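Notes follow once the structure below has been shown.
Treat the numbers as computed from the prediction; the structure is a model and nothing was measured. Convention: sequence-line order gives letters A, B, ...; per-chain numbering from 1.
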Amino acid sequence: MTIGKLKLTNSLTRKKELFEPINSPKVGMYVCGPTVYSNVHLGNLRTFISFDIINRYLKFLGYKVRYVRNITDVGHLLDNGEDKISKKARIDKLEPMEIVQKFTNDFHNVMKTFNVLPPDIEPSATGHLLEQIEMIETLLSRGFAYQANGSVYFDLIKYNKLHPYGKLSGRKMADLINQSRTLEGQDDKKNPLDFALWKKAAPNHIMKWKTKWSYGFPGWHLECSVMSTKYLGKQFDIHGGGLDLKFPHHDCEIAQCLGSLDKEPAKYWMHTNMLTVNGQKMSKSLGNSFLPWQLIYGNHKLLDRGYSPMAIRFFMLQSHYASTLDFSNEALNGSLKGYTKLANGIRILKEMIYPKHDALNVNAALINQISKICDDCHNAMNDDFNTALTIGHLFNLLKKVNSFYSKQLSLTDINQATFNRMKTTLLTFTEEILGIKPEKNINGHNLLKFLLEDYAKAKATKNYKKVDLLRQLLAEEGITINDMKDFIGWAYNE
RNA sequence: GGUUCCGUGGCCGAGUGGUUAGGCAGAGGUCUGCAAAACCUUUUACGGCGGUUCGAAUCCGUUCGGAACCUCCA
């Protein structure tokens with residue numbers, strides 16, 4: 001066996017571990033989704049593309065994955081205690097649910113545009129208020145929470161006596177207490193580190209629900225604990241999110257789950273790294289973030305041009321999810337060219353058929369080489385979903401395909417089984433696992449065929465004026481004509 | 001200050017003890033009416049210093065530089 005087993009980096013242990021699901025072949029995966037008070041930006045997109053790959057690859061390996069990705073539609077507070085969605089609703093004079101719907105729609109459009117598969121369940125915080133209230137009650141009854149002025153807070157000092165708080169991010173309570181910052185409206189807390197489970201709403205607050213504690217709303221961390229538990233059980237396999245959620249959000253989730261259920265919620269924690277611009281994290285507050293649409297259409301002052309969604313997806317997959325990825329025109333241009341090369345190769349490969357022949361010239365070395373590259377692709381994905389390395393191997397395979405196409409290598413040198421494996425591997429990894437799908441489709445294949453025949457005739461009669469004209473006309477339609485040794489080929493332009 | 005991480009060739013970006021990552025760009029070649037595409041060959045490399053080792057980009061120490069988190073963030 002030359003193909004190994006799946007390993008992934010577990011943020012909880014900081015080690016690369018063999019992936020062993022709790023109830024194989026079932027796999028439960030929870031990923032923190034967006035807060036829908038504005039458009040998702042490119043950095044958010046990177047995270048969701050990364051988990052899309054993980055979802056796709058786990059399914060490819062035959063696991064029965066239940067992928068849950070939430071929509072946060074309440075509970076994210078600003079420094080002054082106002083809810084992000086409430087604030088946007090107040091400014092735009094809209095119902096909070098109109099804000100939520102608008103940006104949820106945008107989020108879904110972006111996901112679809114970038115070929116991100118939808119999750120199996122996409123729960124929202126406001127749809128799970130009863131469950132959240134129940135968890136608060138459990139925490140209160142177990143003594144890990146306390147009421148103060150209509151709000152309920154998680155008692156971290158008490159919790160920390162039983163379970164170390166901050167183990168995911170490597171923080172210690174003593175250090176945290178020394179460094180905590182005083183925020184507005186936190187006078188009710190026993191300890192500044194305690195976080196809200198339920199927050200009493202100010203009179204002008206629009207999003208609020210009646211409970212025995214107050215008219216109020218749930219704290220942000222609570223929804224993820226509640227919804228992951230509800231749909232995946234007390235313990236599930238993978239919990240993911242952006243690196244910036246590791247602390248405090250994910251440490252708080254662990255505290256809520258352990259505090260109410262006595263179980264570690266997730267076996268493996270996975271964190272995706274940040275997209276950077278000139279070495280700095282892309283974020284809304286720094287003003288260096290791009291919207292996906294701006295990148296597609298090229299309408300941003302930092303952009304030289306627009307890039308197609310698949311070129312952008314390819315760009316992101318050329319790095320590992322746990323590394324930062326720096327964003328620049330130069331890097332994007334490089335990826336665009338690489339992507340175009342891959343897309344053209346895929347088109348050629350789809351039309352390539354193994355010829356009928358007497359297999360006399362079988363080249364064992366070539367067969368071994370091709371099968372090794374196919375193994376390499378699997379092993380690269382098995383190594384913590386290393387898409388960058390996988391793409392490297394796919395290009396090695398692509399070279400073979402192109403060599404067969406241009407007849408620099410002959411298909412009669414390999415047997416049918418090798419041909420089939422080469423074809424299946426390249427197509428499956430590119431389209432199913434990496435989710436890179438063809439963007440351009442030529443309508444009017446017959447017309448193209450006719451023009452290429454005409455072109456060939458013009459060439460044969462050395463009518464170069466016509467030859468050049470046909471080349472130019474087709475170039476304007478996005479097609480490059482390639483004169484091959486004994487036939488006329490074509491490819492997509494960038 | 002605490003926690004975590006990074007520094008690879010012109011650009012992006014894998015690799016973690018010995019053997020070509022890959023893409024883009026550059027050079028040469030095959031092919032070509034000229035091109036283009038493709039393929040082949042090829043230049044530029046592991047921040048500095050010290051250590052471990054037969055051997056280090058990879059391990060250890062140190063130093064310089066950069067980033068993220070500690071406030072909402074994917």
Ignoring the backbone of D326(A), work out which of A38(B), C69(B), C12(B) is nearest its side chain. C12(B)
Over all strands shown, is E330(A) touching base, sugar-phosphate only, or nothing at heavy-atom distances under 4.0 angstrom? sugar-phosphate
Out of G2(B), A74(B), C34(B), whichever nucleotide has its closest atom nearest the side chain of R471(A): C34(B)
How many Å lie between CG on N273(A) and P on A14(B), as a whole number? 10 Å
Steps toward side-chain hydrogen bond (donor to acceptor under 3.5 Å, both in side chains) verdict (Y455(A), D483(A)): CA-CA 10 Å; Y455(A) 176 90; D483(A) 298 357; 2.8 Å; yes
Under 4.0 Å, heavy atoms only, any strand: does N402(A) hit a base, just the sugar-phosphate, or nothing? sugar-phosphate
Could you tell me whether Y464(A) contacts a base, only the sugar-phosphate backbone, or nothing, with contacts defined as non-hydrogen atoms closer than 4.0 Å? base
Looking across every strand, which nucleic acid part, if any, lies under 4.0 Å from K246(A) by heavy atom: base, sugar-phosphate, or nothing? nothing
For V467(A) and for M484(A), find the nucleotide of RNA chain B with the closest heavy atom, then tell me which residue's nucleotide is more 5'. V467(A)
For V40(A), which contact category applies under a 4.0 Å heavy-atom criterion: base, sugar-phosphate, or nothing? nothing
Is the terminal nitrogen or CZ of R171(A) (NZ for Lys, CZ for Arg) located under 6.0 angstrom from the six-membered ring centre of Y165(A) and within 45° of that ring's axis? no
Regarding A388(A), tell me which of base, sugar-phosphate or nothing describes its non-hydrogen contacts under 4.0 Å with the strands shown. base
Please work out if S335(A) contacts a base, only the sugar-phosphate, or nothing of the nucleic acid, heavy-atom cut-off 4.0 Å. nothing
Aromatic F48(A) / basic R46(A) pairing, under 6.0 angstrom, 45° off normal: no
Run the side-chain hydrogen bond (donor to acceptor under 3.5 Å, both in side chains) check on H41(A) and N44(A) step by step: do they pass? CA-CA 5 Å; H41(A) 63 72; N44(A) 304 71; 3.0 Å; yes
Which nucleotide wins on minimum distance to the side chain of K341(A), given the candidates C39(B), G22(B), C70(B)? C39(B)
